[in-house]
Protein chains: 2
Amino acid sequence: MKKPERPADLSAQIAQSIRDAIVGGRLLVGDRLPSESELAEQFSVSRPTVREALKRLAAQNLIRTQRGATGGAFVNHLSYAEAHNQQITTSTLLLSMNAISFDVACEARYALERACAPLAAARRTRAQLDTLRAEIGIQSRPRLTDEAFCASDVTFHRALVDAAGNPVLSYQLAGAVEAMQPLMNMITFSARSRDIILGLHTEIADALEHRDPAGTDSALLELESYTRNLARSLLAPRAAHS
Amino acid sequence: MKKPERPADLSAQIAQSIRDAIVGGRLLVGDRLPSESELAEQFSVSRPTVREALKRLAAQNLIRTQRGATGGAFVNHLSYAEAHNQQITTSTLLLSMNAISFDVACEARYALERACAPLAAARRTRAQLDTLRAEIGIQSRPRLTDEAFCASDVTFHRALVDAAGNPVLSYQLAGAVEAMQPLMNMITFSARSRDIILGLHTEIADALEHRDPAGTDSALLELESYTRNLARSLLAPRAAHS
DNA sequence: GTTTCTTCATATGTCTGACATTTAGGATTT
DNA sequence: AAATCCTAAATGTCAGACATATGAAGAAAC
């Protein structure tokens, strides 16, 4: 059923070959790859072709290049921050290109957030609580734009996720939460909506402060159902759009 | 504190410029970009430089290229499958390069899986149940290698996640689950361990069949604690390694 | 008139060779 | 001994050329 082995571009092949070497551990973090000329000779291609392959890898943050005498391409240490960014752009595109409904994205997001609620209740630090309170303070400002409100919302929920104290969870979830921001930005929040959300945010922060997993969970559940209902009522009329 | 605005490579700038156009909606899915020569003229650079920029975008699955008279670079429709692959490679690298402990990764994974357990219990289809049962059948074969056992485990858990019926969740979680496989492969499973895991898998499948969220959750919880204890006892002696 | 074949224009894929720029380290000078 | 200059090596960029794939227009056959 699949296409009969159309040989890919040379640059793609070379990129895959080097990628395999990195993933397979034959090239370690910090290692320097052979120079472009040497690679060209090894793979029996020209330098521009090698360069295209290297650019592909650079786009995935797998390598970084340095100019100069001792320069070259080095296997990059993929930091959480870089991985975050990649995940956010991928997730954002995925959501925007596949006509994901707000409802489905919202369900996924709150399912994931509730997954780390118990961990957050057990491990939250003072500093993380302060962040939550600070964002609540921002969200209660009367003249805040919708965009700023959403941005603060993202920060709040990221802090909530970070409070779980598991970097892998933070990485996975930050992508999901931030990717939803464009969708959230489509919603205009009335003063009354903001009050309700603010109340639930406060409830969450209180529950975390008292290390109360059940309270955190129920507040998140309420927040989810309120957000989804709000979106349904606001977005329903414009559903016939592309 | 940040580096003083070192201007990036031309190819990186051009790639970013086109990326912005795609993310910002000025280029829509299916749109054809100008030809390489035209782009070279627009950005006042040479064709190889444009090509390096395009390869960067191609590496992120943002565009796809076609040869021939009506060929060119087209804005790609980012499918779930492609997004999956990207996420898996990113997650795998992240885990391997940051010396994530098995324990932390495991905690994250089961937290996420438990998040979709209630949804799966409510929505699982007959076909998904059959997949779960089939994998349980595979896992009960006596002469299965550890790798095959782990691979089947991944399939089982992916089916569990898919049963939640939320593509966004599936996308996020499949990455997390598959990225853990290299870590899982470091564990050797005794016959007794396999029996226990198999029993818990059966328990999960049964609970899903009866649409029992609590049962699913408790089985997953037990599986998590068993897996983490198993890993602790097996991997602890070799902790002083790199 | 319709179908089939050929030709052609156009675009990507690749190669060659060159020059520009950055950078570390050695050679030279003070 | 220290500061400076020089050089070599590597990436970054350019120009032009040829190879190859592919859809479309035009020509030939029915």
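For the numbers below, each heavy atom of this structure counts, side chains included, while hydrogens, waters and symmetry mates do not. By convention in this document, chain letters (A, B, ...) are assigned in the order of the sequence lines, proteins followed by strands, and residues within each chain are numbered from 1. It should be emphasised that the depicted structure is a prediction, and the values quoted were computed from it without experimental measurement.
Judged as a side chain to side chain contact (heavy atoms under 4.5 Å, CB included), and not counting sequence neighbours, Ala134(B) has no contacts. Applying the side chain to side chain contact (heavy atoms under 4.5 Å, CB included) rule to Ser44(A) yields no partners; only residues at least two apart in sequence or on another chain are considered. The side chain to side chain contact (heavy atoms under 4.5 Å, CB included) check on Tyr80(A) picks up Pro167(A), Val168(A), Tyr171(A), Leu94(B), Asn98(B), Ile100(B), with sequence neighbours excluded. Under the rule for a side-chain hydrogen bond (donor to acceptor under 3.5 Å, both in side chains), Arg67(B) has no partner lying at least two apart in sequence or in another chain.
Whole-Å rounding puts the Ile63(A) CD1 to dG12(D) C1' distance at 14 Å. In this structure, CZ of Arg64(A) is placed 16 Å from C1' of dT22(C), rounded to the nearest angstrom.
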When the side chains of residues 22-29 of chain A are checked against the rest of the protein, which donor-acceptor pairs come out under 3.5 Å, sequence neighbours left out?
none

Next item on the list: Indicate for each nucleotide in nucleotides 4-13 of chain C, in 5' to 3' sequence, whether protein heavy atoms under 4.0 Å reach the base (B), only the sugar-phosphate (S), or nothing (-).
Entry: -----BBSBB

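For Thr49(A), a side-chain nitrogen or oxygen approaches OP1 or OP2 of dC15(C) to under 4.0 Å.
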